[in-house]
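Step one of this worksheet: look at the structure below.
Counting begins at 1 with the first residue of the sequence. Side chains are part of it too, since the values below use all heavy atoms of this structure and drop only hydrogens, waters and symmetry mates.
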Amino acid sequence: MSHAPQLYTLYQQLLEQSQLLLRLARQGLWDDLIICETDYVNAVHSLARLTQENAPSLQVQEQLRPTLRVILDNEAEVKALLQARMNELAKLVGQSSIQKTVLSTYSNQGGHVLVPQSNPEIN
């Protein structure tokens, strides 16, 4: 028995979800992306389960190939955008850590600003 119609439907749903994830990533809506990612992962698992149960024919595979290519391209772009965001966050965390160190050092001085005193030997 052919599962082709169900397979086409799952691929179409996966394509739509990958387009949504890409749009959210491009817009920087990271919280929304994380929420929607669960649906995407579930769709991938459903697709994997269906293809394990009944491998699609070569003809069906050829028909699905362009859709799969777009899905994979979308996923690659989402990963690149996520990596850029992670780099941005790492930079912010690093800056925050430096600020904490400076504040901690300053507070350890009792809030007093240390000013160099003139050296009479230099004058």
Side-chain angles (χ1 to χ4, degrees):
M1 179 173 140
S2 173
H3 287 73
Q6 187 178 5
L7 196 58
Y8 291 126
T9 300
L10 285 174
Y11 265 92
Q12 189 59 41
Q13 289 172 352
L14 192 61
L15 175 61
E16 291 169 6
Q17 289 169 344
S18 76
Q19 291 169 333
L20 173 61
L21 292 178
L22 182 56
R23 188 176 79 248
L24 293 171
R26 285 177 175 165
Q27 294 174 352
L29 300 172
W30 306 112
D31 292 338
D32 294 339
L33 182 136
I34 291 167
I35 292 167
C36 293
E37 191 176 27
T38 302
D39 293 336
Y40 180 79
V41 170
N42 288 336
V44 169
H45 286 295
S46 295
L47 190 57
R49 202 170 29 253
L50 182 64
T51 55
Q52 279 181 336
E53 292 170 0
N54 190 356
S57 69
L58 291 177
Q59 179 184 3
V60 170
Q61 289 178 33
E62 284 301 315
Q63 290 172 342
L64 291 171
R65 190 177 311 274
T67 303
L68 180 57
R69 173 55 33 213
V70 174
I71 291 168
L72 293 174
D73 290 346
N74 289 348
E75 190 171 306
E77 189 173 345
V78 168
K79 283 182 181 181
L81 291 167
L82 282 169
Q83 185 60 53
R85 178 64 175 160
M86 286 175 40
N87 293 344
E88 180 183 326
L89 291 174
K91 184 178 175 184
L92 291 172
V93 167
Q95 290 173 350
S96 175
S97 178
I98 290 170
Q99 288 174 345
K100 277 177 125 177
T101 301
V102 169
L103 288 174
S104 174
T105 301
Y106 180 73
S107 69
N108 288 340
Q109 299 299 323
H112 301 290
V113 177
L114 302 178
V115 179
Q117 298 186 1
S118 63
N119 187 343
E121 295 174 12
I122 297 178
N123 292 333

Residues passing the side chain to side chain donor-acceptor pair (under 3.5 Å) test with Gln63, sequence neighbours excluded, are Tyr8

Applying salt bridge (Lys or Arg N to Asp or Glu O under 4.0 Å) to Asp73 and not counting sequence neighbours gives Arg69

For residues 78-90, the salt bridge (charged side-chain N to carboxylate O under 4.0 Å, His left out) pairs (sequence neighbours left out) are Glu75-Lys79, Arg85-Glu88

CD1 of Ile71 to CG of Leu47, rounded to nearest 0.5 Å, is 7.5 Å

Applying side chain to side chain donor-acceptor pair (under 3.5 Å) to Gln52 and not counting sequence neighbours gives none

For Leu89, the hydrophobic cluster (side chain heavy atoms closer than 4.5 Å, chained through members) also holds Leu92

Distance-only criterion, 3.5 Å: show the donor-acceptor pairs between side-chain atoms of residues 9-20 and protein atoms not counting sequence neighbours.
| residue | atom | partner | partner atom | Å |
| --- | --- | --- | --- | --- |
| Thr9 | OG1 | Pro5 | O | 3.0 |
| Ser18 | OG | Leu15 | O | 2.9 |
| Ser18 | OG | Asn74 | ND2 | 3.0 |

Hits for side chain to side chain donor-acceptor pair (under 3.5 Å) against Glu62, two or more places apart or cross-chain, chain-then-number order -> Arg65

Examine Val41 and Leu68 and state if one hydrophobic cluster contains both, with Ile, Leu, Val, Met, Phe, Trp and Tyr joined whenever side-chain heavy atoms are less than 4.5 Å apart. no

CD (Gln59) and CG (Leu64) are apart, to the nearest 0.5 Å, by 10.5 Å

Show every donor-acceptor pair shorter than 3.5 Å between a side-chain atom in residues 21-37 and any protein atom, with sequence neighbours excluded, or say none if there are none.
| residue | atom | partner | partner atom | Å |
| --- | --- | --- | --- | --- |
| Arg26 | NE | Glu77 | OE2 | 3.0 |
| Arg26 | NH2 | Glu77 | OE1 | 3.0 |
| Arg26 | NH2 | Glu77 | OE2 | 3.0 |
| Trp30 | NE1 | Gly28 | O | 3.4 |

Gln61 meets the side chain to side chain donor-acceptor pair (under 3.5 Å) criterion, sequence neighbours left out, with none

